[in-house]
**Q** 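Structure incoming, see below.
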Amino acid sequence: MSALPSGGSYLLPFILLAPLLAMFIIVFLPKEETKTIKIVAALGTFTSMVLSLYAFFAYNQAAGGMQFTLTIPWVPDLGVNLAFGVDGISLPMLLLTNLIGFSSIYASWNMEKRAKEFFALLLILITGVMGTFIARDLFIFFLFYEIVVIPIYIMVIIWGSTKRVSKEYAGMKLTIYLLIGSAFLLVGMVALYLAAAKQGHPTFMFDQLAARQNLYSAPFQKVAFGLMLFGFGSLISMFPFHSWSPDGYAGAPTAVSMIHAGVLKKIGGYGLIRLGIYVLPIGAKYWAPVIAVLAIANVLYAAFIALAQKDLKYVIGYSSVSHMGYVLIAIAALNPTAVGGAVAMMFAHGVMSALFFSMIGFIYEKTHTRNIPDLGGLAHQMPRLATGFIIAGMASLGLPSTINFISEFTIFMGTIKALPVQAILGIAGIIFTAVYTLRVIANVMFGPRRSEWDHLKDIKGAELVPLVVLGFVIFATGIFPNILFGLVNTGVTSSGLAKVLETVSQAKMGGLF
């Protein structure tokens with residue numbers, strides 16, 4: 001399918017509105033009809049997933065650039081447009097959102113407590129995340145980002161679990177960090193708009209802002225990127241703004257943990273690439289050394305903390321913080337290979353972490369504990385659940401034939417010349433990842449059969465959907481990586497990002513002012 005003219009494609013709005021339509025149907029269903037509510041939610045997310053798969057494979061890689069675009073003036077006086085479109089960078093994130101969104105419905109299939117409200121809020125959350133990846137207007141991007149915050153807070157404090165921290169504490173901490181980050185983003189967004197307006201072109205459109213990057217002074221870019229870095233860095237759990245993330249995972253219900261780890265964090269990495277590097281390249285180069293240092297703190301510090309955890313969700317929570325360090329290292333390297341690897345790594349980590357949290361959710365639902373010393377030998381009673389847990393673990397440590405392996409390899413290939421010390425330290429971080437991952441698998445799934453768990457029932461029926469869908473994606477894209485990398489490489493080159501990276505690599509940095 002060739003690129004469609006502005007205003008010519010309604011595919012993306014259909015993808016966006018399918019879960020929202022399902023949510024409105026659920027609102028009018030009786031709360032007692034829990035099975036119908038779940039089926040409607042599943043159909044809404046299934047529709048979006050199928051349409052996203054169509055867009056993924058119909059995207060014209062030869063033409064590149066933004067495709068399936070739609071632009072409708074919304075507030076013309078302010079230059080705000082309902083502008084949607086996807087390229088090789090945003091389309092994998094859209095597909096990732098819908099793969100995880102669909103799987104999260106089935107990971108919550110046994111939800112009975114206020115199911116009507118739960119699935120309605122979950123569909124709003126999925127819609128908000130999708131909107132951030134298909135928006136081509138900065139104002140619309142920010143609007144969808146704000147939509148994400150509200151349902152997360154409500155879902156954590158109502159359906160979350162209370163173990164190491166209370167769900168109220170986890171929900172409030174998560175929300176405060178996200179709102180503080182969004183406040184810095186808002187200041188940076190307004191600054192960009194005013195800078196464009198000063199040149200006589202008031203606009204929020206990403207491509208138009210990027211086209212005028214030469215009109216933004218170096219000091220302005222450095223300050224504006226710093227604001228973006230704080231906002232998006234908090235979202236991607238960049239050290240030292242990461243502590244909300246493991247607590248948020250631990251307190252959240254399974255579906256929210258899957259979306260939180262799988263795609264919510266990726267908005268931070270996506271924003272740093274799409275808005276930070278693409279629109280403010282001089283600012284990106286100025287802050288790159290800081291990002292590189294903090295990224296290594298992410299990789300090593302979070303991996304060490306994961307080694308000491310006894311709660312399954314905290315292990316994977318700190319593991320997620322550590323893995324996001326690889327994305328930040330790639331962004332700091334500022335070269336096309338590394339940035340392409342960062343996009344692929346976000347996709348790979350999203351699928352892996354969502355599968356991990358779905359399996360942990362089933363373990364907690366059946367055993368009522370996430371404490372690792374209390375578990376052991378569960379593979380005897382639940383071999384299918386153990387299979388999903390092991391697949392996620394192997395992907396986490398970057399086993400060849402999983403998409404995580406080739407993503408990490410690409411990142412290191414891209415960073416080894418630009419940031420050799422960070423690349424070597426990052427590679428060392430893989431060792432710690434292997435240690436805590438293998439130890440968790442051994443302590444939870446293997447060992448002698450424990451009679452106190454003989455009453456457990458293995459996952460079956462709808463519960464198998466996350467394992468089948470996400471496990472298939474991990475191996476399909478790992479064995480045939482060009483399915484993903486062909487599109488990602490097109491996005492890096494055809495969007496003009498590669499040219500921006502080449503230009504900024506030759507720029508010389510002065511002081512802030």
Side-chain angles (χ1 to χ4, degrees), residues 104 117-118 121-122 124-126 128-129 132 142 144-187 227-269 271 294 297-298 301-306 308-325 327-328 349-350 353-354 356-357 360-361 364 370-371:
S104 70
E117 293 90 341
F118 178 87
L121 288 169
L122 182 58
I124 293 174
L125 175 58
I126 293 169
V129 175
T132 62
F142 187 79
F144 278 112
Y145 173 73
E146 290 297 296
I147 289 174
V148 168
V149 177
I150 297 173
I152 280 187
Y153 174 71
I154 297 173
M155 295 179 78
V156 171
I157 65 171
I158 295 178
W159 292 278
S161 59
T162 300
K163 287 294 178 182
R164 179 163 146 185
V165 297
S166 70
K167 57 186 179 182
E168 292 80 9
Y169 171 82
M172 184 59 69
K173 186 175 184 179
L174 183 154
T175 304
I176 289 174
Y177 269 82
L178 293 182
L179 289 177
I180 291 175
S182 70
F184 280 84
L185 286 179
L186 178 61
V187 175
L227 294 169
M228 300 292 178
L229 178 60
F230 188 92
F232 288 126
S234 298
L235 186 54
I236 201 175
S237 63
M238 181 177 70
F239 182 88
F241 314 114
H242 67 285
S243 64
W244 64 273
S245 183
D247 287 336
Y249 290 139
T254 299
V256 175
S257 294
M258 291 171 67
I259 293 173
H260 176 182
V263 287
L264 180 62
K265 280 189 175 184
K266 310 313 181 285
I267 299 174
L294 296 179
N298 268 69
Y301 171 77
F304 273 119
I305 299 299
Q309 301 304 308
K310 289 182 169 44
D311 185 306
L312 276 173
K313 274 198 171 183
Y314 272 98
V315 174
I316 309 307
Y318 280 105
S319 170
S320 179
V321 174
S322 179
H323 279 89
M324 287 302 97
V327 175
L328 290 167
H349 176 267
S353 60
F356 237 144
F357 277 113
I360 292 172
Y364 181 70
R370 298 193 307 255
N371 191 38

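Along the sequence shown, residues carry numbers from 1.
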**Q** Can you see which heavy atom on Lys265 is nearest to which on Ser237, and at what distance?
**A**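 Heavy atoms of Lys265 and Ser237 come nearest at NZ-OG, 3.0 Å.
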**Q** How long is the gap from CG on Leu229 to OG on Ser234, to the nearest 0.5 Å?
**A**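 The OG atom of Ser234 is 8.5 Å from CG of Leu229, to the nearest 0.5 Å.
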**Q** For side chain to side chain contact (heavy atoms under 4.5 Å, CB included), just list the numbers for Glu117 and Met155, CA-CA rounded to whole Å, side-chain angles, deciding distance to a tenth of an Å, and then say yes or no.
**A** CA-CA 9 Å; Glu117 293 90 341; Met155 295 179 78; over 6 Å; no
**Q** Side chain to side chain contact (heavy atoms under 4.5 Å, CB included) between Leu294 and Leu328: does it pass, once the steps are laid out?
**A** CA-CA 8 Å; Leu294 296 179; Leu328 290 167; over 6 Å; no
**Q** Rounded to the nearest 0.5 Å, what separation is found between the OH atom of Tyr364 and the OG atom of Ser257?
**A**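 One gets 11.5 Å once the value is rounded to the nearest 0.5 Å.
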**Q** Quick check: closest heavy atoms across Val321 and Ala302, and the distance to 0.1 Å?
**A**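 Closest pair (atom of Val321, atom of Ala302, distance): CG1-CB, 3.7 Å.
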**Q** Roughly how far, to the nearest 0.5 Å, is the CG atom of Leu264 from the CD1 atom of Ile236?
**A**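 Reported to 0.5 Å precision, the distance equals 11.0 Å.
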**Q** Quick one: pull up CE in Met172 and CG in Leu179 and give me the separation to the nearest 0.5 Å.
**A**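 Met172 CE to Leu179 CG: 9.5 Å, rounded to 0.5 Å.
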**Q** Quick one: pull up NE2 in His349 and OG in Ser322 and give me the separation to the nearest 0.5 Å.
**A**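 With rounding to 0.5 Å, NE2 (His349) is 8.5 Å from OG (Ser322).
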**Q** Determine, step by step, whether Thr254 and Ile360 satisfy the side chain to side chain contact (heavy atoms under 4.5 Å, CB included) criterion, reporting the C-alpha distance in whole Å, the side-chain angles of both residues, the deciding distance to 0.1 Å, and the verdict.
**A** CA-CA 8 Å; Thr254 299; Ile360 292 172; over 6 Å; no
**Q** Given the rule in the side chain to side chain contact (heavy atoms under 4.5 Å, CB included) test, do Phe241 and Ile180 qualify, once you have shown the distances and angles that lead to the verdict?
**A** CA-CA 11 Å; Phe241 314 114; Ile180 291 175; over 6 Å; no
**Q** Between Ile158, Ile152, Val156, which is the residue that forms a side-chain contact (heavy atoms from CB on, under 4.5 Å) with Ile154?
**A**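 The single option meeting the side-chain contact (heavy atoms from CB on, under 4.5 Å) with Ile154 is Ile158.
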**Q** Which distance, rounded to the nearest 0.5 Å, do you find between the OH of Tyr318 and the CG of Asp311?
**A**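 Rounded to the nearest 0.5 Å, the OH-CG separation comes to 11.0 Å.
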**Q** Any sub-3.5 Å donor-acceptor pair from Glu146's side-chain atoms to Phe142's backbone N or O?
**A**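 Pair absent, no side-chain N/O of Glu146 close to backbone of Phe142.
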**Q** For Phe184, which residues count as a ring-ring contact (aromatic ring centres under 6.0 Å, His included) partner, sequence neighbours excluded?
**A**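 Expected list: Phe230.
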**Q** Is the closest side-chain heavy-atom distance between Ile259 and Leu122 below 4.5 Å?
**A**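 Counting from C-beta outward, Ile259 and Leu122 do come under 4.5 Å.
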